[in-house]
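Excluded from the calculations below are hydrogen atoms, water molecules and symmetry mates; all remaining heavy atoms, backbone and side chain alike, are included. Naming convention: chains lettered A, B, ... in sequence-line order (proteins, then strands); numbering from 1 in each chain.
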There are 2 protein chains.
Amino acid sequence: MVTVHDVAELSGVSIATVSRTLRAPHRVSDATRTRVLKAVEQLGYRPNRAASSLRRGRTGAIALVVPDIENPYFASLTKGAQASSRARGYGLVVVDTTESAEIEAEEIRALGSQVDGMIIASSRLSDDALAEVAASTTCVLINRSLPDAATPTVTIDEASGARAAIGHLAGLGHRRIAYVGGPESSWSEGRRWSGLLTAASEHDGVSAVHVGSVTPDARGGHAAAAAALEHDATAVIAYNDLVALGMLARWAELGVRVPDDVSLVGFDNTFVAELSSPPLTSVGADLREFGETAVSLLLDRIDGSTPPPSPVPTTMDITVRGSTAAPAR
Amino acid sequence: MVTVHDVAELSGVSIATVSRTLRAPHRVSDATRTRVLKAVEQLGYRPNRAASSLRRGRTGAIALVVPDIENPYFASLTKGAQASSRARGYGLVVVDTTESAEIEAEEIRALGSQVDGMIIASSRLSDDALAEVAASTTCVLINRSLPDAATPTVTIDEASGARAAIGHLAGLGHRRIAYVGGPESSWSEGRRWSGLLTAASEHDGVSAVHVGSVTPDARGGHAAAAAALEHDATAVIAYNDLVALGMLARWAELGVRVPDDVSLVGFDNTFVAELSSPPLTSVGADLREFGETAVSLLLDRIDGSTPPPSPVPTTMDITVRGSTAAPAR
DNA sequence: CTGTTAGCGCATTCAC
DNA sequence: GTGAATGCGCTAACAG
């Protein structure tokens with residue numbers, strides 16, 4: 001292993017100057033800087049992160065905690081966070097908690113001394129447990145608010161998505177719209193449903209009906225497909241794209257045609273929405289950008305340069321694809 | 001921050017004993033061990049990773065480098081690697097190189113001092129560049145072999161997948177089978193196509209025809225959908241599930257019915273194969289297990305307990321869903 | 001502008 | 001079985 005001492009010796013300066021050249025280049029003379037950098041290059045010197053972290057009390061890394069990296073929603077979020085943290089010179093540790101509150105708690109504890117801060121997405125922790133985490137670490141929450149309201153949080157404006165979905169369907173002529181919800185414990189679920197109710201009330205004659213809560217995957221949609229049709233609705237909105245695709249597949253088996261017999265709208269607009277036939281109309285936010293926002297907020301907090309302004313919720317837009325059309329009658 | 005000194009003071013022992021209690025419990029007496037552990041618990045002491053790393057010369061973390069975390073293939077791989085490394089007490093740093101050889105090289109360099117080893121999946125690096133990495137770090141390659149053959153590698157037995165696909169289709173009565181390939185530069189592409197050719201030759205009267213190379217995503221499949229039908233084939237095998245779904249969607253627009261008019265088989269058997277209608281028959285390996293295998297191999301190398309036996313390639317199995325049936329004629 | 005010095009928190013000798 | 005002492009590689013005072 002090559003250390004500052006080796007570089008110092010080769011370039012004829014002290015180890016302090018080597019360190020300075022790397023951390024604060026403007027504090028050394030041009031001549032020595034070039035000399036030191038040449039030696040660094042020549043020896044292939046890379047500062048030891050562990051030593052640097054120990055001395056500085058900061059690791060230069062942040063963590064992103066997600067419930068399930070296989071979920072396209074979190075995959076996109078991760079992608080954005082990754083790009084953004086690299087751009088700011090930070091490493092990113094991604095942790096998949098497999099939807100388990102226990103593992104989440106454990107990982108967060110273990111992470112404590114390894115990173116300078118963390119982003120916790122869609123936490124499965126209780127308010128109390130999460131508040132404790134927020135109190136003892138520098139963190140940013142995604143899609144989850146805490147009563148105290150002191151913890152920085154980035155959220156998606158679910159109401160804007162609901163408005164876009166309802167507006168699109170109402171514009172096509174739909175009057176009765178069914179909503180297949182996600183887990184009742186989910187933070188998004190509550191916001192999506194209340195957003196839909198509000199949006200429906202803003203259109204004359206349009207009503208929304210909640211037809212059950214399912215697990216937020218294709219299996220859930222599959223199971224709810226039949227029930228969703230039992231309410232005279234001409235359009236169905238699903239908790240997320242996966243649920244929507246599950247319904248779509250089940251309806252195909254049942255001979256129900258989309259969008260001829262019923263229109264279908266998903267939430268999140270993940271890449272899977274483009275995969276089905278017909279492709280799925282879906283409302284969603286730019287998740288990569290969302291991930292970037294969270295990283296920025298966290299790093300602003302860590303670097304402490306500016307007091308982080310509480311960011312405005314990211315709005316959702318609708319992407320109209322083939323699964324929606326005017327109702328038959 | 002609570003350190004060994006705090007724990008030592010509270011439990012009335014020296015810092016050496018505290019450290020020993022944690023790292024080599026059997027080397028302290030029962031009495032002191034319980035006393036120290038109580039103090040650890042009481043103070044909420046967590047060893048500082050940076051200090052520990054500096055002293056021991058190992059970080060307790062490994063890295064997984066993937067081209068694209070949004071790709072379900074790598075997401076599943078990551079999931080398995082994550083679970084397995086956690087189980088063995090190692091942290092996992094996931095890096096997404098966005099399919100860029102440049103970023104990959106840069107990240108690998110930066111990672112060097114931060115992890116004890118790395119797993120490089122589907123590297124975009126040149127043989128030379130990759131060989132250099134392999135020479136200077138402890139690493140394990142996934143889906144990519146190096147001429148020198150000295151670098152530990154875990155691979156998937158693509159030939160077994162090809163055999164399963166051809167066998168299934170031949171069994172249904174298909175004789176002429178088209179293959180829509182992926183990027184020619186892809187390591188898997190070559191193995192898949194040659195495996196298909198070999199497998200076809202093992203069945204009387206069965207032939208496989210290569211009908212072009214596309215980008216390995218739904219867009220690629222969309223573009224190749226029409227061309228795939230121009231060869232009198234009654235069944236089509238796609239480079240991967242995404243390509244298959246792209247074709248499926250395009251065919252739906254074209255009025256081509258699956259599996260009535262043509263059968264379709266994907267590669268990788270990622271979760272998206274379950275999402276389409278009809279759901280996609282696909283050959284694939286257990287990717288989570290694959291990720292676990294890679295982690296095990298790497299950690300065995302690092303811990304150096306046993307000389308890592310070169311693992312056998314993971315075999316692929318076929319999952320038959322609704323996209324395949326006997327040919328019409 | 002540059003060098004000397006003193007630890008950061010921990011794991012490991014080596015005595016006892 | 002335990003304690004005292006050393007230094008891992010680096011950065012941040014402080015002097016010069």
Side-chain angles (χ1 to χ4, degrees), chain A residues 1-40 43-61 89 91 110-116 302-304, chain B residues 1-40 43-61 89 91 110-116 303:
Chain A
M1 164 173 266
V2 28
T3 75
V4 276
H5 292 94
D6 303 318
V7 177
E9 190 169 0
L10 180 59
S11 51
V13 297
S14 75
I15 60 166
T17 300
V18 174
S19 183
R20 244 185 245 114
T21 306
L22 267 21
R23 293 277 167 193
H26 62 281
R27 298 186 56 76
V28 301
S29 74
D30 287 6
T32 53
R33 187 181 330 127
T34 49
R35 201 142 37 90
V36 169
L37 289 179
K38 208 184 95 194
V40 165
L43 296 172
Y45 168 74
R46 319 268 329 161
N48 179 315
R49 294 287 276 233
S52 179
S53 298
L54 179 57
R55 184 60 238 256
R56 310 211 307 160
R58 334 177 58 231
T59 64
L111 242 24
S113 77
Q114 300 188 69
V115 297
D116 298 334
I302 291 173
D303 292 346
Chain B
M1 162 172 267
V2 28
T3 76
V4 275
H5 291 92
D6 303 318
V7 177
E9 190 169 1
L10 180 59
S11 50
V13 297
S14 74
I15 60 166
T17 300
V18 174
S19 182
R20 247 184 241 115
T21 305
L22 267 20
R23 293 279 168 192
H26 62 280
R27 298 185 55 77
V28 301
S29 75
D30 287 7
T32 52
R33 184 177 336 123
T34 50
R35 202 143 37 89
V36 170
L37 290 179
K38 210 184 94 192
V40 165
L43 296 171
Y45 167 73
R46 320 269 326 163
N48 180 313
R49 296 287 275 233
S52 179
S53 297
L54 178 57
R55 185 60 237 259
R56 312 210 308 160
R58 331 171 68 227
T59 64
L111 242 25
S113 77
Q114 302 188 67
V115 297
D116 298 334
D303 291 347

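At a threshold of 4.5 Å between non-hydrogen side-chain atoms, the residues B:I15 and B:V7 do not count as touching. Side-chain contact check for A:S52 versus A:R23: some heavy-atom pair is nearer than 4.5 Å.
Residue A:R46 places its CZ atom among more than 12 non-hydrogen atoms of other residues, nucleotides or ligands, all under 6.0 Å distant. A 6.0 Å sphere centred on CZ of B:R58 holds more than 12 heavy atoms belonging to other residues, nucleotides or ligands.
Proximity of B:S14 to the phosphate of D:dA4: no side-chain N or O atom is located under 4.0 Å from OP1 or OP2. Of the side-chain N and O atoms in B:T32, one or more sit less than 4.0 angstrom from OP1 or OP2 of D:dT2.
At the heavy-atom level, A:S19 lies under 4.0 Å from base atoms of the strands shown. At the heavy-atom level, B:V13 lies under 4.0 Å from the strands shown only through sugar-phosphate atoms.
Nearer to the 5' terminus of DNA chain C, by closest-nucleotide assignment, is the contact made by A:D30 (compared with the other of A:D30 and B:R55). Both B:R56 and B:H26 lie close to DNA chain D; mapped to their nearest nucleotides by heavy-atom distance, the more 5′-ward contact belongs to B:H26. Nearest-nucleotide positions on DNA chain C place A:V28 closer to the 5' end than the other of B:R46 and A:V28. Between A:R49 and B:I15, it is B:I15 whose nearest contact on DNA chain D lies nearer the 5' terminus.
Bounding nucleotides for the chain B contact on DNA chain C, 5' to 3', at a heavy-atom distance below 4.0 Å, are C:dG9 to C:dT13.
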Inset, instruction - Go through the steps for B:T32 and B:T21 under the test side-chain contact (heavy atoms from CB on, under 4.5 Å), then give the verdict. - result: CA-CA 8 Å; B:T32 52; B:T21 305; 5.7 Å; no
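In the set D:dT2, D:dG3, D:dA12, D:dG3 carries the atom at the smallest distance from any side-chain atom of B:A16.
A donor N or O paired with an acceptor N or O is found under 3.5 Å between the base of D:dG3 and the side-chain atoms of B:R20.
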